[in-house]
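Notes for the one structure printed next.
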Amino acid sequence: MTHEELRDQYDLYAIGVADEPVRDEIRGHLARGCEECMLQMRHARELAVLFGVSPDAAAPSPKLRRRILASVGFEQRRFGWAPWLGLATALSLFAAFYFSTRERQFAEIALSLREQMRRQTIELTQLNEAFSILSGPSTIEVNFGQGPKGKVYIDRSHGVLLIANSLPPAPAGKIYEMWVIRKGSKPVPAGLFQSQSNGSALHIQTGAVDPNLAIVAVTLENEAGAAQPTTTPILTASLQ
Amino acid sequence: MLFLPLLLAIHGPAPDGDLVERLQRRDPQALGELYDRYGRMAYSLILRIVRDTGTAEDLVQETFLRVWNRVQGFDAEKGSIGPWLLAVARNRAIDYLRSASGRERNAYEFEESDHPALYTDMEHDLLVSDKARRVKQAMLKLPANHRQVLELAYFEGLSQTEMAERMGQPLGTVKTWVRTALKSLRDDLGVVVTA
């Protein structure tokens with residue numbers, strides 16, 4: 001075959017798909033050191049190589065490099081990532097501990113603030129109620145004092161306000177209970193309260209007050225309170 | 001844009017000459033650098049042929065081992081080692097395909113890729129230029145049946161007779177398509193590849 005006849009076959013030969021007898025013909029030329037064929041084959045191989053980079057790019061597993069080096073007896077040092085992994089783990093644990101602690105602290109602070117707000121709301125409500133009673137146009141003021149001293153204010157449309165001093169905090173398991181007593185009647189429970197550590201106490205029983213109210217008294221009762229006084233009154237304020 | 005990762009993977013101003021000399025001195029680090037330079041390219045080519053990631057990785061490993069074992073025959077002063085490595089990669093993959101499908105192996109082709117000297121003297125920047133991108137663009141411009149015969153030849157290693165059987169076309173028609181496709185490709189590429 002002439003080189004002109006082989007012209008279209010070099011590319012096929014370069015990628016290994018030339019049919020016989022062309023394949024043998026080119027092989028023979030190359031074996032004889034045919035310069036024209038060697039030149040054409042170099043160009044054909046270049047085109048074949050360019051075909052080889054035309055597929056879309058893909059990435060092998062990162063382990064493949066190590067596998068290949070190991071296959072020629074070269075073991076890469078494996079600890080390259082270990083210190084970083086250890087550091088990252090330690091930092092993660094520290095961060096988890098730190099943030100969980102902080103989160104717990106924030107939760108406790110939030111709980112404390114909520115409790116403080118709740119107490120202040122109660123106190124504000126009490127103060128509003130106390131102010132309503134104190135500022136009532138028909139409020140009656142009654143002093144008491146034998147031991148604990150203080151005053152009782154009665155506004156028949158708003159309720160009864162008791163303000164006491166020198167009233168020590170009730171012992172554990174005990175509580176103070178206020179009573180309103182009509183003339184000739186049994187005492188009626190008017191709420192439980194505790195005094196402050198400085199002996200001051202403020203207690204309000206809201207609602208309309210019986211016009212025949214004669215006495216406001218306070219007894220020391222068990223923590224659950226009582227339907228009727230079980231002890232001698234600690235203080236008594238008589239309206240008449 | 002699909003070529004960008006490939007071109008980036010093989011960037012690097014250092015010529016292959018020094019790398020080849022170190023491979024010939026049996027420096028394992030040089031094999032690592034060779035992999036860094038051509039590993040993704042070889043893997044992409046082999047995966048395109050065998051279409052299985054596990055098999056492709058095995059064949060990439062075989063390719064680099066073959067280059068490692070035969071690099072003494074490569075002239076470090078004559079061009080880049082990349083074209084030879086890609087030829088070995090393709091031949092490994094086609095050999096696998098032929099074995100897996102019970103087709104006859106093309107022994108001479110594999111003997112040829114065992115001779116790295118045949119791949120010297122190629123253009124030094126053959127793989128780092130935009131020629132590969134231009135080849136792909138030129139391929140896309142071919143009629144579908146012309147492109148198909150080139151792909152069957154290069155990526156499946158089918159002979160023209162096998163292509164004719166696969167496509168259900170007369171052998172003469174397939175040969176005409178192949179010849180026309182290659183001529184169109186070379187005409188389109190102009191000075192890129194001369195023949």
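Just so it is clear, the model here is predicted, and its values are computed rather than measured.
- The structure places NZ of A:Lys63 at 9.5 Å from CD of B:Glu57, a figure rounded to the nearest 0.5 Å.
- Taking B:Lys175, B:Met163, B:Glu151, B:Met139 one by one and counting their heavy-atom pairs under 4.5 Å with chain A, the maximum is reached by B:Met139.
- With B:Arg48 contributing its side chain and A:Ser54 its backbone, the two residues share no donor-acceptor pair below 3.5 Å.
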A:Leu12/B:Leu182 under side-chain contact (heavy atoms from CB on, under 4.5 Å): CA gap, chis, key distance, verdict: CA-CA 9 Å; A:Leu12 294 174; B:Leu182 285 168; 4.3 Å; yes
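- For A:Glu103, the CD atom sits in a loose shell: 12 or fewer heavy atoms of surrounding residues, nucleotides or ligands are nearer than 6.0 Å.
- Residue B:Ser159 holds its OG atom at 8.0 Å from CZ of A:Arg23, rounded to the nearest 0.5 Å.
- Residue A:Glu115 places its CD atom among more than 12 non-hydrogen atoms of other residues, nucleotides or ligands, all under 6.0 Å distant.
- In this structure the side chain of B:Tyr43 never reaches within 4.5 angstrom of the side chain of A:Ser61, judged on heavy atoms.
- In this structure, no portion of B:Thr53 lies under 4.5 Å from any heavy atom of chain A.
- Of the inter-residue distances, the one linking A:Arg67 atom CZ with B:Phe64 atom CZ reads 12.5 Å to the nearest 0.5 angstrom.
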Please set out all donor-acceptor pairs under 3.5 angstrom arising from side-chain atoms of residues 119-128 of chain A, sequence neighbours excluded.
{"unit_1": "A:Thr121", "atom_1": "OG1", "unit_2": "A:Met117", "atom_2": "O", "d": "2.7"}
{"unit_1": "A:Thr125", "atom_1": "OG1", "unit_2": "A:Thr121", "atom_2": "O", "d": "2.7"}
{"unit_1": "A:Asn128", "atom_1": "ND2", "unit_2": "A:Leu124", "atom_2": "O", "d": "3.4"}

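- Between chain A and the options B:Ala153, B:Ala89, B:Ala42, B:Gly157, heavy-atom pairs under 4.5 Å are most frequent for B:Ala153.
- Interface remark: B:Asp58 contributes backbone and side-chain atoms alike to the contact with chain A (heavy atom separation under 4.5 Å).
- Here the CZ atom belonging to B:Arg40 is positioned 12.0 Å from the CG atom belonging to A:Leu64, to the nearest 0.5 angstrom.
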Can B:Arg90 and A:Ile15 be said to form a side-chain contact (heavy atoms from CB on, under 4.5 Å), step by step? CA-CA 9 Å; B:Arg90 175 184 173 264; A:Ile15 56 177; 3.8 Å; yes
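- Between the NE2 atom in A:His43 and the CZ atom in B:Arg186 there is a gap of 8.0 Å [rounded to 0.5 Å].
- When each of B:Leu47, B:Val178, B:Leu158 is scored by its heavy-atom pairs under 4.5 Å with chain A, the top score falls to B:Leu158.
- Between A:Asp56 and B:Lys136, the closest side-chain pair of non-hydrogen atoms falls below 4.5 Å.
- Here the side chain of B:Ser44 pairs a donor or acceptor atom with the backbone of A:Ala58 at under 3.5 angstrom.
- Looking at B:Tyr154, both its backbone and its side chain come within 4.5 Å of chain A, counting heavy atoms on both sides.
- Contact of B:Leu65 with chain A is made through the side chain alone, with heavy-atom distances under 4.5 Å.
- With a threshold of 4.5 angstrom between heavy atoms, B:Leu150 approaches chain A through side-chain atoms but not through N, CA, C or O.
- Of the two parts of B:Lys183, neither the backbone nor the side chain holds a non-hydrogen atom closer than 4.5 Å to a non-hydrogen atom of chain A.
- Between A:Arg65 and B:Asp36 the shortest side-chain heavy-atom distance falls below 4.5 Å.
- Heavy-atom minimum distance, A:Leu69 versus B:Gly32: CD2-N, 3.5 Å.
- No side-chain heavy atom of A:Phe51 sits less than 4.5 Å from a side-chain heavy atom of B:Leu86.
- Inter-residue side-chain proximity for B:Gln61 and A:Ser71 is flagged as met; some heavy-atom pair is nearer than 4.5 Å.
- Sorted by first then second residue, the salt bridge (charged side-chain N to carboxylate O under 4.0 Å, His left out) pairs that include residues 24-35 of chain B, not counting sequence neighbours, are B:Arg22-B:Asp27, B:Arg22-B:Glu33.
- The two residues B:Phe155 and A:Pro55 have their closest heavy-atom pair at CE2-CG, 3.7 Å.
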